[in-house]
Engineer: 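After the structure tokens below, expect a handful of questions from me.
Everything numeric here is computed off the predicted structure, so don't read it as measured data. We count residues from 1, following the sequence as given. Hydrogens, waters and symmetry mates are skipped; everything else that's a heavy atom, side chains included, is used.
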Amino acid sequence: MSGTVADEKRRVGWIGLGSMGLAMALNMQKHLKATVQPNLHYWNRTISKGDKLKDIGGEPCTCAVNVAWKCGVMFISVSDDDTLKSLVNQIASIGGSLKGKIFVDTTTVHPDTTTTVAKQFEQLGAVYIAAPVFGSTPVAQAGQLLVAVAGCAGAVSVIEPYLKGVIARGVIRVGEDPAQALLLKTTSNMLTAGMMFLISEPHTLAEKSGLPSSVLESLIEQNLGTYAHGVSKRLTSGAYLPAKGHAPQSSLELGIKDVQHGVDLAESKGMRLDVGEAYVNAAKEAKEWSTEQGRALDSSSVYGVVRKRAGLTFENEAAQERDGKKRKREDPV
């Protein structure tokens, strides 16, 4: 029996395999295999999304409860607040067997949701660590995310070997209150969303005025830094409007959800986030375009809306060339 308990404490589980979750889980399994640790146990509502994980040794489980039953440390990566709450209710059904288990939640949710979930796990004897991540899917695939962690210091020390150098390039310790990590993530979302909207405007003005986008992008890179340059590239490369059948780096729907959390939180504190509201309004316009066109959009697709408001097409030249539209328009009728 003691051997079984020891194996359980060493075993790592993963729940949720969206684009971000799968990228992180793959890096986790590679790390576990390289360090001769038990294989990653995983579950996702559509279990076939874990086939790549299974191919490198990951072990699928029949349900989320099964992961929690078998593992001592569980990572959670789901889409939104309601999904997280539903998942926690499912896991809670195993009751006392949660004692001593550590749940590490990478999901971006409202800080109030984090507080509620943390209390629920605490009542069940488990430890809850909030660990929201900063970065898009390509960054996750490269294992170069930034992670903010908050919760019991002892439990954070236990999970740190699974963070830096595995799924992340760095870890920010925020304290022992899990909600603080989500507050930090919310402020980060404001910065990113604001930058997407802000950089969309000068790029649109440059196009209407005849200034090459490459020249403006060079200024952004040299004067505003790597992060702003990365946002600019998502616009100019056409990544804001993924090719048909391709997934976005970060979905528009999650962008709306994440920034709306910040807007709502600010309202509860007696202030407005003008830039945040501007992003949400533009993002909702982008969502309407997405529905009409049947195209998945990136969270940076507010660029397309800024372009349309200025009298340009939603698709910039790079997106048109990629999708063959520019060539067709230039062909003689």
Engineer: Does one side chain, of His261 or Asp81, offer a donor that lies under 3.5 Å from an acceptor on the other?
Structural biologist: yes

Engineer: Between CG of Leu198 and CG of Leu191, what distance do you get to the nearest 0.5 Å?
Structural biologist: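 The CG atom of Leu198 sits 11.5 Å away from the CG atom of Leu191.
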
Engineer: Looking only at atom types and distance, does a side-chain atom of Ser200 sit under 3.5 Å from a main-chain N or O of Met196, one as donor and one as acceptor?
Structural biologist: yes

Engineer: Side chain to side chain contact (heavy atoms under 4.5 Å, CB included) with Val166: which of Glu160, Lys30, His31?
Structural biologist: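 Of Glu160, Lys30, His31, side chain to side chain contact (heavy atoms under 4.5 Å, CB included) with Val166 is met by His31 alone.
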
Engineer: Evaluate Phe75 against Met24 for side chain to side chain contact (heavy atoms under 4.5 Å, CB included), listing each step before the verdict.
Structural biologist: CA-CA 10 Å; Phe75 283 78; Met24 290 187 283; over 6 Å; no

Engineer: Taking the side chain as C-beta and beyond, is there a heavy-atom pair between Glu288 and Thr291 under 4.5 Å?
Structural biologist: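 Glu288 does not reach Thr291 side chain to side chain.
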
Engineer: Does Leu297 offer a backbone N or O that forms a donor-acceptor pair with the side chain of Ser301 under 3.5 Å?
Structural biologist: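 Pair absent, no side-chain N/O of Ser301 close to backbone of Leu297.
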
Engineer: Given side chain to side chain contact (heavy atoms under 4.5 Å, CB included), test Leu53 with Leu17 step by step and report yes or no.
Structural biologist: CA-CA 10 Å; Leu53 198 51; Leu17 298 173; 4.2 Å; yes

Engineer: Given 3.5 Å as the limit, does a donor-acceptor pair link the side chain of Ser157 with the main chain of Ala153, or not?
Structural biologist: yes

Engineer: Judged by atom type as modelled, is there a donor-acceptor pair below 3.5 Å linking the side chain of Lys101 to the main-chain atoms of Cys71?
Structural biologist: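 A pair under 3.5 Å: yes.
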
Engineer: Do other residues, nucleotides or ligands put more than 12 heavy atoms under 6.0 Å from the CD atom of Glu122?
Structural biologist: no

Engineer: Does a donor on one side chain and an acceptor on the other come within less than 3.5 Å for Asn44 and Thr46?
Structural biologist: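 No donor-acceptor contact under 3.5 Å links the two side chains.
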
Engineer: So, are Arg234 and Asp298 salt-bridged, with charged N and O less than 4.0 Å apart?
Structural biologist: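 Between Asp298 and Arg234 there is a salt bridge, with a charged N closer than 4.0 Å to a carboxylate O.
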
Engineer: Count the heavy atoms belonging to other residues, nucleotides or ligands that lie under 6.0 Å from CZ of Arg309, then report whether that count exceeds 12.
Structural biologist: yes

Engineer: Keeping the roles fixed (side chain from Thr106, backbone from Ile76), state whether a donor-acceptor pair exists under 3.5 Å.
Structural biologist: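 Checking the backbone N and O of Ile76 against the side chain of Thr106, a donor-acceptor pair under 3.5 Å is found.
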
Engineer: So Ser251 and Leu254, do their side chains get closer than 4.5 Å, heavy atoms only?
Structural biologist: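 Yes, close enough: below the 4.5 Å cut-off.
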
Engineer: Quick check: do Glu277 and Arg272 have side-chain heavy atoms less than 4.5 Å from each other?
Structural biologist: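 Side chain of Glu277 against side chain of Arg272, heavy atoms only: contact under 4.5 Å found.
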
Engineer: Please report the closest heavy-atom contact between Asn316 and Leu235, naming both atoms and the distance.
Structural biologist: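 Smallest heavy-atom distance, with atoms named: ND2-O, 3.0 Å.
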
Engineer: Hey, mind stepping through Ile172 and Val147 against side chain to side chain contact (heavy atoms under 4.5 Å, CB included) and telling me if it holds?
Structural biologist: CA-CA 6 Å; Ile172 299 175; Val147 182; over 6 Å; no

Engineer: Check for a donor-acceptor pair, side chain of Trp14 on one end and backbone N or O of Gly16 on the other, with a separation under 3.5 Å.
Structural biologist: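 Side chain of Trp14 to backbone of Gly16, a donor-acceptor pair under 3.5 Å: yes, one is there.
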
Engineer: Using modelled atom types only, decide if a donor and an acceptor are shared between the side chain of Ser86 and the backbone of Thr83 within a distance under 3.5 Å.
Structural biologist: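 Between the backbone of Thr83 and the side chain of Ser86 there is no qualifying donor-acceptor contact (under 3.5 Å).
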
Engineer: Please, which pairs that meet ring-ring contact (aromatic ring centres under 6.0 Å, His included) have at least one residue in residues 276-296, sequence neighbours excluded?
Structural biologist: Trp289-Phe314

Engineer: Checking side-chain polar atoms at under 3.5 Å, does Gln120 have a donor or acceptor matched by the opposite partner on Thr116?
Structural biologist: no

Engineer: If you apply the rule side chain to side chain contact (heavy atoms under 4.5 Å, CB included), what do you find for Ile256 with Leu252, and how did you get there?
Structural biologist: CA-CA 6 Å; Ile256 294 172; Leu252 175 63; 4.2 Å; yes

Engineer: In terms of side-chain heavy atoms, does Thr137 have a donor or acceptor partner in Gln249 at a distance below 3.5 Å?
Structural biologist: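 No, no side-chain donor-acceptor contact under 3.5 Å.
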
Engineer: Between the side chains of Arg295 and Glu315, is the shortest nitrogen-to-carboxylate-oxygen separation below 4.0 Å, so that they form an ion pair?
Structural biologist: no

Engineer: With a 4.5 Å cut-off on side-chain heavy atoms, are Leu40 and Arg11 touching?
Structural biologist: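 When only atoms from C-beta onward are counted, Leu40 and Arg11 do not touch, as no gap falls below 4.5 Å.
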
Engineer: For the residue pair Gln260 / Asp264, report whether a side-chain donor-acceptor contact shorter than 3.5 Å exists.
Structural biologist: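 Yes, a side-chain donor-acceptor pair sits under 3.5 Å.
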
Engineer: Between Lys233 (side chain only) and Ala239 (backbone N and O only), is there a donor and an acceptor less than 3.5 Å apart?
Structural biologist: no

Engineer: Evaluate the side-chain proximity of Leu32 to Val12: yes if any heavy-atom separation is below 4.5 Å, no if none is.
Structural biologist: yes

Engineer: Heavy-atom count check: over 12 atoms from other residues, nucleotides or ligands less than 6.0 Å from Glu267 CD?
Structural biologist: no

Engineer: With a 4.5 Å heavy-atom cut-off, do Arg322 and Leu241 have their side chains touching?
Structural biologist: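 Heavy-atom side-chain distance check passes, below 4.5 Å.
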
Engineer: Indicate yes or no: does Glu207 engage Arg307 in a salt bridge with an N to O separation below 4.0 Å.
Structural biologist: yes

Engineer: Between Ser79 and Glu253, is any side-chain donor less than 3.5 angstrom from a side-chain acceptor?
Structural biologist: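 Absent: no donor and acceptor within the cut-off.
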
Engineer: Can Ser232 and His203 be counted as having a side-chain donor-acceptor contact under 3.5 angstrom?
Structural biologist: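 Per modelled atom types, Ser232 and His203 side chains form a pair under 3.5 Å.
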
Engineer: Have Asn189 and Thr192 got a donor and an acceptor in their side chains that come within less than 3.5 Å?
Structural biologist: no

Engineer: Do Leu216 and Pro202 touch side chain to side chain, with heavy atoms closer than 4.5 Å?
Structural biologist: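 When only atoms from C-beta onward are counted, Pro202 and Leu216 do touch, with a gap below 4.5 Å.
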
Engineer: Is there a side-chain contact between Val73 and Val104, using heavy atoms and a 4.5 Å cut-off?
Structural biologist: yes

Engineer: With distance as the sole test, does Lys54 use its side chain to make a donor-acceptor pair with the main-chain N or O of Glu59 at under 3.5 Å?
Structural biologist: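 Not a single qualifying donor-acceptor pair exists.
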
Engineer: Where the side chain of Ser188 meets the backbone of Leu184, is there a donor-acceptor pair that is under 3.5 Å apart?
Structural biologist: no

Engineer: Please give the remaining members of the hydrophobic cluster of Leu312, linking ILVMFWY side chains under 4.5 Å, ordered by chain and number.
Structural biologist: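 Members besides Leu312: none; it forms no cluster.
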
Engineer: How about Tyr128 and Phe103: are their ring centres within less than 6.0 Å of each other?
Structural biologist: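 Centroid distance Tyr128-Phe103: not below 6.0 Å, so no.
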
Engineer: Can Leu145 be reached from Phe134 by stepping across I, L, V, M, F, W or Y side chains whose heavy atoms are under 4.5 Å apart?
Structural biologist: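 Result: no, two separate clusters.
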
